[in-house]
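Just so you know, ligand 1 is whichever comes first in the structure, and atom 1 is the first atom listed for that ligand. What you see below is based on every heavy atom in this structure, not just the backbone, and it leaves out hydrogens, waters and symmetry mates.
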Amino acid sequence: MRLCCLARGMRVNRPSRESKLDQAIVIEDLGYAYGIQAALQNVSLELTAGRFTALLGPNGAGKSTLVALMTGLYVPQSGRIEIFGHDIARDPLSALATTGVVFQQQTLDLDLTVRQNMTYYAALQGLAGQQAQQQISAALARMGLAGREREKARSLNGGHRRRLEIARVLIHEPRFLLLDEPTAGLDLTARSELVAHVHGLCDDAGVTTLWATHLVEEIAPDDDVAILHGGRLRATGKLASLLSNAGQPDVAALFADLTKGAAA
Ligand code: ADP
Ligand code: MG
């Protein structure tokens, strides 16, 4: 499994009102509750441009709620989110124009071919014609799906279907990629390949990535990681630094330590 990223430091939990060049995403004091059930509390996080950040948390930690807030599906009840200098609440179109999202639930049309799925999605983005087709070809090649255009999505295995979903959101060349448990249901090989492909997008194309997962094996020492439990961030930073600071041997031990006991 290829798991490497540029070794740049991650600055977290020190949000600023001023956008700095290497801070792609700024989340400040975010809060959200479903009725009286708090899902996120005082979440502050900064993502460095071009880095792979794993949002690691057990089921119910609040990962999908954070994704929903970062994509404008939900409105924060407190705090704010800025994507490349654009506040989602005040300027959602500009913020989301640079964002590609792959949700937890798969949304392909299995009866369409690979290229038809891409073309349909491009049309929803207002892209059509020769240029759109070129961008589709480039996105498919980027995710290792060149030559599969005429196959029905149904005939792809789970890993390739996920890659197609990622290729689809690459059509409009996002600078920020947000993936919610993209490896759910995949076998070990498919998971490793998907993680490697997305790391390639960070390394080669400088795409800032937030990868939500509950699987510690998907995180490499050089990755940035934000550990979420019970709606609160428990640790943020480069994994290798977190391990040495906490005196833990590996990410599994660190995760177990930070997520033991009641969530509240
Ligand atoms: P994760 O994606 O990490 O599994 P979620 O964001 O889905 O976590 O859920 C965070 C918390 O919010 C959980 O306690 C969950 O039960 C609750 N929750 C999520 N969605 C809803 C909803 N639509 N209505 C009520 N509670 C919800
Ligand atoms: Mg979820």
Side-chain angles (χ1 to χ4, degrees), residues 12-13 25-47 52-81 83 88-89 92 95-96 99-108 158-159 161-163 165-166 168-169 176-187 190-191 194-195 198 208-219 223-237 239 242 251-264:
V12 291
N13 281 336
I25 315 295
V26 177
I27 298 170
E28 199 172 65
D29 205 19
L30 203 63
Y32 192 85
Y34 298 94
I36 58 163
Q37 166 78 43
L40 292 173
Q41 297 180 72
N42 307 110
V43 170
S44 294
L45 177 67
E46 294 177 9
L47 307 187
F52 180 102
T53 301
L55 176 66
L56 179 64
N59 288 336
K63 303 182 296 298
S64 293
T65 303
L66 184 56
V67 170
L69 290 163
M70 296 183 80
T71 53
L73 284 178
Y74 296 166
V75 177
Q77 291 157 354
S78 61
R80 59 193 280 278
I81 301 169
I83 299 179
I88 287 194
L96 295 175
T99 302
V101 190
V102 176
F103 289 105
Q104 196 165 350
Q105 299 299 328
Q106 185 205 273
T107 59
L108 295 173
R161 288 183 193 180
R162 269 315 208 185
R163 280 203 234 163
E165 285 195 280
I166 297 173
R168 212 170 47 164
V169 303
F176 174 44
L177 194 54
L178 184 52
L179 306 111
D180 193 0
E181 307 230 22
T183 58
L186 301 186
D187 65 25
R191 272 170 42 203
L194 199 66
V195 171
V198 173
T208 307
T209 301
L210 186 63
W211 172 284
T213 185
H214 66 277
L215 300 169
V216 292
E217 319 83 89
E218 294 177 355
I219 305 169
D223 288 341
D224 293 329
V225 61
I227 297 180
L228 188 67
H229 179 47
R232 292 180 184 273
L233 279 179
R234 308 295 168 147
T236 53
L239 177 58
L242 291 179
V251 60
L254 178 72
F255 185 57
D257 185 51
L258 291 174
T259 58
K260 70 185 172 202

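- Closest approach of Pro92 to Ala89, counting heavy atoms only: CD-O, 3.9 Å.
- Close approach of ligand 1 to Pro58 (heavy-atom distance below 4.0 Å) involves ligand atoms 3 (O).
- The shortest N or O to N or O distance between Ser64 and ligand 1 is under 3.5 Å.
- Between the side chain of Thr53 and the backbone N or O of Leu210 there is no donor-acceptor pair closer than 3.5 Å.
- Contact record, Leu194 with Gly159: CD1-O, 4.3 Å, taken as the closest heavy-atom pair.
- Contact annotation: Gly57 has no heavy atom less than 4.0 Å from any atom of ligand 1.
- Distance check on atom 15 (C) of ligand 1: every protein heavy atom falls at or beyond the 4.0 Å cut-off.
- Judged by distance alone, the side chain of Arg234 and the main-chain N or O of Leu258 form no donor-acceptor pair under 3.5 Å.
- When hydrogens are left out, the protein atom nearest atom 8 (O) of ligand 1 is Gly62 N, 3.1 Å; that is the closest non-hydrogen contact.
- In terms of heavy atoms, Pro76 sits closest to Leu69 at N-CD2, 3.5 Å.
- Remark: ligand 1 atoms within the under-4.0 Å shell around heavy atoms of Gln37 are 14 (O).
- In this structure, CD1 in Ile81 is found 11.0 Å from CD in Glu28, a value given to the nearest 0.5 Å.
- Gly60 O, 3.7 Å is the protein heavy atom nearest to atom 11 (C) of ligand 1.
- Using cut-offs of 30° and 60° for the angle between ring planes, the Tyr32 and Tyr74 rings count as parallel.
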List the atom pairs, donor and acceptor, that lie under 3.5 Å between side-chain atoms in residues 178-186 and the rest of the protein, sequence neighbours left out.
| unit_1 | atom_1 | unit_2 | atom_2 | d |
| --- | --- | --- | --- | --- |
| Asp180 | OD2 | Ser64 | OG | 2.6 |
| Glu181 | OE1 | His214 | ND1 | 2.8 |
| Glu181 | OE2 | Lys63 | NZ | 3.4 |
| Thr183 | OG1 | Glu218 | OE2 | 2.5 |

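- Counting only protein atoms, the N, O or S atoms lying less than 2.8 Å from the Mg ion (ligand 2) are Ser64 OG, Gln104 OE1, ordered by chain and residue number.
- Of the protein's non-hydrogen atoms, the one nearest atom 6 (O) of ligand 1 is Thr65 OG1, 2.6 Å.
- Using a 4.5 Å cut-off on side-chain heavy atoms (C-beta onward), Phe103 and Thr71 make contact.
- Numbered from 1 in the order shown, with element, the atoms of ligand 1 that lie under 4.0 Å from a heavy atom of Asn59 read 4 (O).
- Set against the non-hydrogen atoms of Ala39, the atoms of ligand 1 under 4.0 Å away are 12 (O).
- Taking each heavy atom of Gly237 and Leu242 in turn, the nearest pair found is O-CD1, 3.9 Å.
- A distance of 11.5 Å separates CG in Leu228 from OG1 in Thr236, rounded to the nearest 0.5 Å.
- Of the inter-residue distances, the one linking Asp223 atom CG with Leu239 atom CG reads 7.5 Å to the nearest 0.5 angstrom.
- For atom 26 (N) of ligand 1, the choice among Tyr34, Tyr32, Tyr74 with the nearest heavy atom turns out to be Tyr34.
- Close contacts of ligand 1 with Ala61, meaning ligand atoms under 4.0 Å from a residue heavy atom, involve 1 (P), 3 (O), 8 (O).
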